Structures are given as C-alpha cells and as structure tokens.
Engineer: 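Below you'll find the structure I mean.
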Amino acid sequence: MTISIGGILARFQKLWHSARPTPQTMDNRSHSTTVSPDVRASFHDDGVVFLDVRGGTVFRSNRIGAAIWKGLIGRQELATIAAQIGREYSITAEQAMEDASSFVAQLESHGFLVCRAGARV
C-alpha cells in the first residue's frame, strides 16, 4: 500500500525515534544488503509501518513482515528468521523461507534494503 504522505510526516514523527535502524550490513542471502538511511520503521500490534523519508511514501506490513524486519535489523540469517516464523505460525520451513525471501525482495525493490556495492544479486 502506497500513500502520499504530505502533512502526515509530523503525525508519524514520534513513532520513528526508536525504530530507526543504524546503517548495518546483513549477509542474509547470497549477497550483502544494508538498511537504507532513508527508511524509518514503526512497530505496532498489527505489524510495521515503513516511511520512505526521501520519497515521501508510507508502506505497511503485517506481523510476519514486522518479524522479518526485526530479524534483519538484528542481523539474523534469513533462514533463522524463516524458521522462527514457521514455528510461530505453524507453516512449513519451506513456505516460511519462500515468504521471507519474497518479502526481502519487496523491501529491496522499494529501496528499504540496498545491495552493497560490488555485492552479487
């Protein structure tokens, strides 16, 4: 879901203070990714809301997306994140890994995760 934020930024500003990840590298797949400095994330009971401060758009995800994002910023391997999700939501490890990989690809496509220079895609 993409929403033009216009004047919404001020309303959400309080939410971003504790959820802004420090730039870090994650080796979660066959390449290294870094959290974009332009993304802010706010966790809530239903999931996570992402703000692209450069582009001015807001995206949201459910609890599973929030769990994946928390794992990524916690520098967990994607396989570990997927295994935890599989156990928590009673889905197969294969399905959890497929879903987690797809979500990470979406994060990359929106610019929230960026491939490091020289890394393989």
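As the structure is a computational prediction, the values presented were derived from the model and not from experiment.
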Engineer: Give the minimum heavy-atom separation between A67 and I81, together with the two atoms involved.
Structural biologist: O-CG2, 4.2 Å

Engineer: Kindly assign one of parallel, tilted or perpendicular to the pair H110 and F59, based on the angle between their ring planes and the thresholds 30° and 60°.
Structural biologist: tilted

Engineer: Would you say the side chain of D52 lies within less than 4.5 Å of the side chain of F112, judging by non-hydrogen atoms?
Structural biologist: yes

Engineer: Taking the six-membered ring for Trp, is the centroid-to-centroid distance between F103 and W69 below 6.0 Å?
Structural biologist: no

Engineer: Going by the rule side-chain contact (heavy atoms from CB on, under 4.5 Å), which residues pair with D46 if we only count those two or more places apart in sequence or in a different chain?
Structural biologist: H44, R63

Engineer: Can you find a heavy atom in the side chain of L113 that is under 4.5 Å from one in the side chain of V35?
Structural biologist: yes

Engineer: Decide yes or no for V104 and L72: does some side-chain heavy atom of the first lie under 4.5 Å from some side-chain heavy atom of the second?
Structural biologist: yes

Engineer: Rounded at 0.5 Å granularity, tell me how far OG in S102 sits from CG in L107.
Structural biologist: 9.5 Å

Engineer: My understanding is that only residues two or more places apart in sequence, or in another chain, count here; which of them pass salt bridge (charged side-chain N to carboxylate O under 4.0 Å, His left out) with R87?
Structural biologist: none

Engineer: Would you call Q84 and Q76 a side-chain contact if the rule is heavy atoms closer than 4.5 Å?
Structural biologist: yes

Engineer: When you measure from the side chain of S109 to the backbone N and O of Q106, does any donor-acceptor pair fall under 3.5 Å?
Structural biologist: yes

Engineer: Closest approach of L78 and A100, non-hydrogen atoms and distance?
Structural biologist: CD1-CB, 3.8 Å

Engineer: Do Y89 and I64 touch side chain to side chain, with heavy atoms closer than 4.5 Å?
Structural biologist: yes

Engineer: Of all residues at least two apart in sequence or in a different chain, which pass the side-chain contact (heavy atoms from CB on, under 4.5 Å) check with A66?
Structural biologist: F43, V48

Engineer: Tell me, please, which residues at least two apart from T92 pass side-chain contact (heavy atoms from CB on, under 4.5 Å).
Structural biologist: E94, Q95

Engineer: Could you give the distance from CZ (F50) to OG1 (T57), rounded to the nearest 0.5 Å?
Structural biologist: 11.5 Å

Engineer: Would E108 and V114 count as a side chain to side chain contact (heavy atoms under 4.5 Å, CB included) if you check the C-alpha gap in whole Å, the side-chain angles of each, and the deciding distance to 0.1 Å?
Structural biologist: CA-CA 6 Å; E108 289 174 343; V114 183; over 6 Å; no

Engineer: For S101 and M97, indicate whether the former's side chain and the latter's backbone hold a donor-acceptor pair under 3.5 Å.
Structural biologist: yes

Engineer: Taking all heavy atoms of A82 and all of A96, pick out the closest pair and write down the distance.
Structural biologist: O-CB, 3.2 Å

